[in-house]
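Just the heavy atoms: all of them, side chains too, but no hydrogens, waters or symmetry mates, feed the values below. Reminder, nothing fancy here: chain letters follow the sequence lines and each chain counts from 1.
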Amino acid sequence: MSDETKSAGKGAEEAEKSDFIRERVRQDLAAGRNEGRVHTRFPPEPNGYLHIGHSKAILLSYGISQEFGGQFNLRFDDTNPEKEEDEYVQAIMEDIKWLGADWEDRLYHTSDYFGQLYEWAQHLIREGKAYVCSLTEEQVREYRGTVKEAGRPSPDRDRPAEESLGLLEEMKNGEHPEGAYTLRAKIDMGHANMKMRDPLLYRIKRMPHHRTGDAWNIYPMYDYAHGQGDAIEGITHSICTLEFEVNRPLYDWFIENLPVPHAPRQIEMARLNLTYTVMSKRKLLQLVTEGHVSGWDDPRLITLRGLRRRGYTASAIATLCDRVGVAKRNSTVDFALLEWSIREELNRTADRVMAVLRPLKVVITNYPEGEVEWLEAENNPEDAARGTRKIPFSREIWIEREDFREEAPRKFFRLKPGSEVRLKHAYFITCDEVVKDDSGEVVELRCSYDPESRGGQSPDGRKVRGTLHFVEATHAVEAEVRLYDHLFREPFPEEGGDFLANLNPDSLEVLTDCKLEPGLAEAGTDYHCQFMRNGYFCVDTVDSRPGVPVFNRTATLRDSWAKLEAKGKK
RNA sequence: UGGGGCGUAGUCAAGUGGUCUAAGACACAAGGUUUUGGUCCUUGCAUCCGCAGGUUCGAAUCCUGCCGCCCCAGCCA
């Protein structure tokens with residue numbers, strides 16, 4: 001097998017990917033099927049935004065096409081003008097490009113095939129395999145039977161072909177109201193598989209389509225359109241999710257009974273689910289329209305736009321999908337795996353900078369007034385090539401409020417009265433005095449520094465357990481920082497009926513008095529960094545402005561101190 | 001006995017009769033290193049593969065029965 005394993009990211013020898021779908025592709029290739037071609041597709045319906053669940057399907061289909069030297073198509077499955085809009089088409093293409101899947105010049109629409117589909121429908125009628133049915137919607141349901149009882153044949157089942165052909169033409173031309181007729185395949189009303197009980201091929205919808213305008217008054221159903229679209233495009237492996245397993249016999253029936261140019265095969269896999277979130281389009285839409293989130297790009301959403309704004313990269317999403325694997329078992333992946341994926345990447349690539357989120361003033365009493373010195377700070381300890389930068393230091397600085405405690409447990413290695421800590425890249429300081437306001441709240445710390453400890457070196461080998469980040473006061477940049485947490489407080493928010501009841505009231509915390517080191521004032525979009533000891537952050541693409549930045553927390557750092565403390569409390 | 005699918009650690013997931021006294025990842029736990037209580041390193045984490053029988057010298061892998069979960073009765077996709 002000759003294949004250069006390329007794909008973005010990761011180390012040298014990336015193992016050849018293997019799962020039941022890729023195994024099947026290899027078998028097909030070995031058996032010489034499809035003239036040795038591999039051709040996949042992603043077929044979104046343009047009726048909503050893409051989310052992380054879709055990325056599994058996109059990356060798998062696209063990835064397979066690349067791994068086997070094949071091709072990948074994007075096809076909008078636009079057979080229902082009632083729900084579909086052009087706005088979604090643009091957004092979907094944008095998101096797929098961002099993910100890194102490339103359909104090159106093969107952008108298609110099921111609506112491109114309406115003409116061909118119509119001719120094939122006529123073919124089925126002539127063959128005695130389809131008929132125009134006049135049953136109402138309720139009657140169709142009634143005649144279909146139930147999962148345990150066979151259905152009954154429609155009274156129109158034996159309508160002469162000429163008559164069906166004529167009626168179909170009239171339906172197409174808008175001569176009948178919606179619901180008056182449908183075109184149905186003549187298969188088996190007693191079939192154990194409900195999908196095979198004379199399924200509908202066409203329904204009347206006297207409604208303009210976003211691409212074909214008012215050319216059609218009938219539109220094909222999914223089952224009739226999908227496989228034929230695959231056949232027309234020469235798709236070899238049509239990958240979809242588990243719920244379409246029962247549709248496969250029907251998919252195959254059309255391929256066998258129509259003069260299609262090619263016989264594609266459908267393969268089903270489990271969709272991606274994540275804890276602490278919802279994945280259904282309907283629920284996502286509800287969260288947006290009811291204002292539980294700010295929009296489709298709310299950083300708490302697992303839409304691709306939301307994740308992007310949150311600071312997730314396409315490669316981190318790809319890592320997640322690789323780790324999750326491909327199988328047929330319904331499963332729900334721990335959200336922690338997604339967080340691990342982005343941390344793993346950002347640890348390697350994001351520069352470390354200092355930001356104080358909840359500031360507490362520190363005055364260094366023995367530091368000369370009015371003096372500012374610039375200290376060297378390394379950008380990324382994981383990557384020396386990222387170099388260094390200069391950060392200011394002076395008599396007044398900000399530290400994190402939670403890094404000081406007047407009364408602290410012995411395991412608290414941070415600042416407390418009389419104790420010494422290191423300021424990252426700067427000096428050792430000792431807390432001499434705690435200044436409080438009338439209400440008793442700590443408003444300032446008065447400390448002294450050891451000039452010999454410049455750069456954070458211990459001058460005499462003495463140990464300091466704690467290292468704190470800080471921001472020099474006169475050069476500090478004021479910023480807004482948004483801290484995000486799970487949108488839902490339960491790992492399975494849909495359990496127990498009302499998923500909205502499980503919304504996490506603390507999923508967003510906005511901090512407006514944050515202090516950043518000066519270099520961050522002009523941080524542009526697409527900037528990812530680690531706020532030392534605070535987490536990974538990115539510039540908000542919507543609200544941030546030069547000079548008045550807004551940062552979003554992508555993910556926290558692992559925090560073994562928090563765990564320790566939590567354990568102590570219990 | 002309606003049909004279709006799936007059941008391997010807390011979560012994903014390899015495994016297709018002997019090399020399985022069952023990979024790997026996440027999570028979790030313990031220890032070490034550390035100018036991020038971050039990273040990194042070390043170690044631990046299923047005598048057992050939904051359950052019960054059976055076949056076999058030998059089974060997570062084959063057979064039988066049972067149990068559980070998911071999908072199908074849209075003129076949605």
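- For the OP1/OP2 pair of rC75(B) and a distance below 4.0 Å, the side-chain nitrogens and oxygens of R144(A) include at least one atom meeting the criterion.
- Within 4.0 Å of H469(A), counting heavy atoms only, lies no atom of the nucleic acid at all.
- Both E243(A) and G466(A) lie near RNA chain B, and the one whose nearest nucleotide falls closer to the 5' end is G466(A).
- Close to rA77(B), at under 4.0 Å from its OP1 or OP2, lies a side-chain N or O of R203(A).
- Across all strands shown, V147(A) has heavy atoms under 4.0 Å from base atoms, whether or not it also approaches the sugar-phosphate.
- Regarding contacts with the backbone of rU39(B), every side-chain N or O of R348(A) stays at 4.0 angstrom or more from both OP1 and OP2.
- E149(A) comes within 4.0 angstrom of no nucleic acid atom, judged by non-hydrogen atoms across all strands.
- Residue R271(A) qualifies as open at atom CZ: its count of foreign heavy atoms under 6.0 Å is 12 or below.
- Note on Y219(A): nothing from the nucleic acid sits closer than 4.0 angstrom, heavy atoms only.
- Using a 4.0 Å cut-off between charged side-chain N and carboxylate O, R75(A) and E233(A) make a salt bridge.
- Residue-to-nucleotide contacts include a donor-acceptor pair under 3.5 Å from the side chain of E382(A) to the base of rG38(B).
- Taking side-chain N and O atoms only, S331(A) has a distance below 4.0 Å to OP1 or OP2 of rA13(B).
- Side-chain proximity of R352(A) to rG4(B), rC12(B), rU36(B): nearest is rU36(B).
- If you check every strand for non-hydrogen atoms under 4.0 Å, M221(A) touches sugar and phosphate atoms only.
- Residue L200(A) is in base contact, counting any heavy-atom pair closer than 4.0 Å across all strands shown.
- No donor-acceptor contact under 3.5 angstrom links the side chains of R203(A) and T182(A), judged on distance only.
- Side-chain nitrogen and oxygen atoms of K563(A) include at least one within less than 4.0 Å of the OP1 or OP2 phosphate oxygen of rC28(B).
- Regarding contacts with the backbone of rC12(B), every side-chain N or O of R329(A) stays at 4.0 angstrom or more from both OP1 and OP2.
- Put simply, K205(A) has a side-chain N or O that comes within less than 4.0 Å of OP1 or OP2 on rC76(B).
- Nucleic acid contact for E137(A): base, since at least one base atom lies under 4.0 Å from a heavy atom of the residue.
- Here rA14(B) presents its P atom at 13 Å from CG of D322(A), a figure rounded to the nearest Å.
- The shortest distance between the side-chain N/O atoms of K195(A) and the OP1/OP2 oxygens of rG74(B) is not below 4.0 Å.
- Within 4.0 Å (heavy atoms only), T467(A) reaches sugar-phosphate atoms of the nucleic acid but no base atom.
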